[in-house]
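The next block holds one structure in the form of structure tokens; read it before the comments.
Residue numbers begin at 1 in each chain, while the letters A, B, ... track the order of the sequences.
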Number of protein chains: 2
Amino acid sequence: MALVPIFAQLDPDERHEIAQRARQKKYGRNEQLYGAGEKNPYLMIVHRGWVKIYRLAESGREQLIRVLGPGDFIGEMSFISASETDHFAVTLEDSQICSLHHEDIRGFLLRYPTIAYKMLETVTGRLEQTERLVSSLTGEDAERRIASFLLELAARDGKDTVELPVSKKDLASYLGTTPETVSRRLTAFEGKGWIRQGAKGRIEILDREAMAGM
Amino acid sequence: MALVPIFAQLDPDERHEIAQRARQKKYGRNEQLYGAGEKNPYLMIVHRGWVKIYRLAESGREQLIRVLGPGDFIGEMSFISASETDHFAVTLEDSQICSLHHEDIRGFLLRYPTIAYKMLETVTGRLEQTERLVSSLTGEDAERRIASFLLELAARDGKDTVELPVSKKDLASYLGTTPETVSRRLTAFEGKGWIRQGAKGRIEILDREAMAGM
DNA sequence: CGACTCGTTGAGCAAGGTCAAAGTACGTGG
DNA sequence: CCACGTACTTTGACCTTGCTCAACGAGTCG
């Protein structure tokens, strides 16, 4: 509980109060938390595991929106608009999720401003990231988007070997392209000696400079 | 002041306190509020007029991010990250802008939870809209994006004649396409009898059904 | 062990980006 | 108030990116 960023600055008593209204639940791999068309009147916080959020286009195409890790939350949309969601939340691994009903959260937000402040920080950061994605979708070609994604992932983890958080199929949808193109570009990068592909979505970046400056 | 949504629920005394720390300024048309590389430690609220927010790609391409009208605000990014902005804010018309320094805003946010709550609502809504834009950029072709944009604009204003808030050049960058394509598609729509184009970016929608169902 | 999903590679094609040029609206300064 | 210059818009022609369809191989779950 103390590890959840939005509650980090509360004192133990206050955290206890919130914990009492929270509902913990364990999920298996590939289990759906909620789907489009349902109402999800809960703020859901990931304690353990990974959850992917995606939308389904009419064409049936899966559009990956975001991947949640420990400490991340989802469901802040609906306690604003209170309408049905238009996306899906599915676990990627065995996960543990903590849910708070909107009624409760609203009260906590008004009572403990640090929570609202932290949530505002998080949502703002998410907005910034999404706006950067928009920029790259409109301004860069597929090759550069893929390269940028790898570099960003490597920079965030501070490592040269990155592990794709999702399948290449999902990654392709996130980057606004197709699995075929992702596969082709990565093979091309490998041919130029920029990266080396391992098993299980593991990619070692050999030449940052070249990739960044292409 | 009472018209600014994020301060709407405060009582007059509280609003007065905030107004005392605010700085009003008038801007002419096409005047820059701030640019990329600068720090903008202010929450800027539009009182009157219109402001466009855009990013400049290395190619020199202008990427329109958002248009602010009365009651909208910008600058919530930097009081989180406190780093330099990577975008530009320029007035489209004569405008009146109210600025609050981040130091002050932070205090107000923690003191008056309704402000934080309202801002969270706004930013969440903005995030939702941006995520929908991402979906349309990755899932729909240029023609449908343009049609959807017109329909959405018409739906929001509840009118059949919409007025483009920005130039077609800027609109093209927002929709992830080029001015040429926007021009061509609109001409095609006109040819099919779906719309009629007037002067000054005025467009009359003649056949919603056909456009929505294409 | 079999069925299914995911990943890779190939070939063809179309959407739309690019370049070019002409026309139009608009703001500015004389 | 008019004339000029600048930026935006439109139209045309061409060409590239990357999407689509298809087939095959590989890994994975039940």
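Atom CD of B:Glu180 and atom C1' of C:dC19 are 9 Å apart (whole Å). Here C:dC13 presents its P atom at 20 Å from CG of B:Asp141, a figure rounded to the nearest Å. For the pair A:Arg202 CZ and D:dG27 P, the computed distance is 15 Å after rounding to whole Å. To the nearest angstrom, P of D:dT10 lies 11 Å from CG of B:Leu171. Summarising the geometry, the separation between CG on A:Leu137 and C1' on D:dC19 is reported as 16 Å, rounded to the nearest angstrom. Rounded to a whole Å, the CG atom of A:Leu186 is 11 Å from the C1' atom of C:dG7. Between the CZ atom of B:Arg144 and the P atom of C:dA14 there is a distance of 18 Å, given to the nearest Å. Atom CD in A:Glu140 sits about 16 Å away from atom P in D:dT17, given to the nearest Å.
Checked against C:dC6, C:dC26, C:dT8, the side chain of A:Pro179 finds its nearest nucleotide in C:dT8. You'll find that the side chain of B:Lys169 is closest to D:dT9, out of C:dT9, D:dT9, C:dG7.
In this structure, A:Arg184 and B:Thr181 both approach DNA chain D, and ranking their closest nucleotides by distance from the 5' end singles out B:Thr181. Residue A:Val166 is the one, among A:Val166 and B:Thr177, whose nearest nucleotide of DNA chain C lies closer to the 5' end (criterion: closest heavy atom). Residue-to-nucleotide proximity on DNA chain C shows that, of A:Lys168 and B:Gly176, the 5′-proximal contact is made by A:Lys168.
Under 4.0 angstrom from either OP1 or OP2 of C:dG16 there lies no side-chain N or O belonging to B:Thr178.
Using cut-offs of 30° and 60° for the angle between ring planes, the B:His101 and B:Tyr42 rings count as perpendicular.
Other residues, nucleotides and ligands contribute more than 12 heavy atoms inside 6.0 Å of the CD atom of A:Gln24. More than 12 heavy atoms of other residues, nucleotides or ligands shown are found within 6.0 angstrom of CZ on A:Arg132.
Contact check on A:Glu62 versus A:Lys52 returns a salt bridge, with a Lys/Arg side-chain nitrogen under 4.0 Å from an Asp/Glu carboxylate oxygen.
In summary, the side chains of A:His87 and B:Glu131 do not present any donor paired with an acceptor at a separation below 3.5 Å, with no hydrogens or angles considered.
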